[in-house]
Amino acid sequence: MTTKTCAMLLMGLAIISFISVTSAISGTATYYTVYVPSACYGYEDQGTMIAAAGDTIWNNGGACGQMYTITCTGATNQGVPEPCKGGSVTVKIVDRCPSPGCQGTIDLSQEAFSTIADINAGKIQIDYTQV
């Protein structure tokens, strides 16, 4: 490879990285523990890395089956000042978290929430991207 080709390849990778970082959307996440029935799949088991979409994502059921990568970015309360564990989790939308009861942009399964944050936090700040 020539120096020019290497430079162009590195520039392309930098642009792709920038685009993926800037496409994340900020929101909040909570968690739930009763997974069935769900609005998308009824009593059909979809595993534990699942979530219910708040009104922002729901899109009249269009969110069913969509996959989202969720990253904890911080606390929303004083109870757990540093709830994030680092990393991210990818979940499948299987249900709806309707307002006014829904307290987050996305309501994660307890297993998904505990992968990225201290469960005692209850609600966290997140960045999310559709994958």
Side-chain angles (χ1 to χ4, degrees):
M1 247 187 225
T2 67
T3 304
K4 184 176 182 179
T5 303
C6 287
M8 289 176 61
L9 180 60
L10 288 173
M11 180 188 246
L13 290 173
I15 290 170
I16 289 170
S17 296
F18 179 71
I19 290 170
S20 64
V21 168
T22 59
S23 64
I25 302 168
S26 295
T28 57
T30 51
Y31 73 90
Y32 65 112
T33 56
V34 178
Y35 306 146
V36 291
S38 73
C40 301
Y41 299 99
Y43 287 94
E44 187 180 319
D45 183 18
Q46 297 297 309
T48 57
M49 291 304 161
I50 55 176
D55 291 339
T56 305
I57 298 171
W58 181 242
N59 191 25
N60 293 320
C64 288
Q66 298 295 315
M67 304 291 287
Y68 286 88
T69 298
I70 314 294
T71 304
C72 178
T73 60
T76 60
N77 60 41
Q78 300 302 314
V80 180
E82 296 182 27
C84 301
K85 293 182 176 179
S88 61
V89 65
T90 300
V91 295
K92 179 179 182 179
I93 300 297
V94 300
D95 208 351
R96 179 177 182 211
C97 184
S99 59
C102 192
Q103 299 297 307
T105 307
I106 194 163
D107 201 19
L108 300 170
S109 66
Q110 184 173 344
E111 292 85 351
F113 189 98
S114 67
T115 299
I116 59 171
D118 181 336
I119 205 78
N120 294 311
K123 185 176 183 181
I124 55 172
Q125 295 290 333
I126 61 165
D127 282 341
Y128 63 96
T129 55
Q130 187 176 351
V131 291

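One-based numbering along the sequence shown. Because only heavy atoms are used, hydrogens play no part in the values below, and waters and symmetry mates are left out as well, while side chains stay in.
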TODO: Go through the steps to decide whether Ser26 and Asp127 satisfy the test side chain to side chain donor-acceptor pair (under 3.5 Å), and finish with yes or no.
DONE: CA-CA 4 Å; Ser26 295; Asp127 282 341; 3.0 Å; yes
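Between Val91 and Leu108 there is a side-chain heavy-atom pair separated by less than 4.5 Å. Using a 4.5 Å heavy-atom cutoff, the side chains of Asp45 and Val36 are not in contact. In this structure, Ile116 and Lys85 have side chains that are not in contact, with every pair of non-hydrogen atoms separated by 4.5 Å or more. Between Val131 and Tyr68, every side-chain heavy-atom pair lies at or beyond the 4.5 Å cut-off. Looking at Asp95 and Trp58, their side chains never come closer than 4.5 Å, going by heavy atoms from C-beta outward. Contact annotation: the side chain of Phe113 never approaches that of Asp107 to less than 4.5 Å [non-hydrogen atoms, C-beta and beyond]. Residues Pro83 and Ile124 have side chains in contact (heavy-atom distance under 4.5 Å, counting atoms from C-beta outward).
Between the side chains of Gln46 and Lys92, at least one donor-acceptor pair of N or O atoms lies under 3.5 Å. Judged purely by distance below 3.5 Å, without hydrogens or angles, the side chains of Tyr35 and Glu111 pair a donor atom with an acceptor atom.
Checked by atom type and distance alone, the side chain of Ser99 never pairs as donor or acceptor with a backbone atom of Cys102 at under 3.5 Å. Not a single donor-acceptor pair under 3.5 Å links the side chain of Ser114 to the backbone N or O of Ile119.
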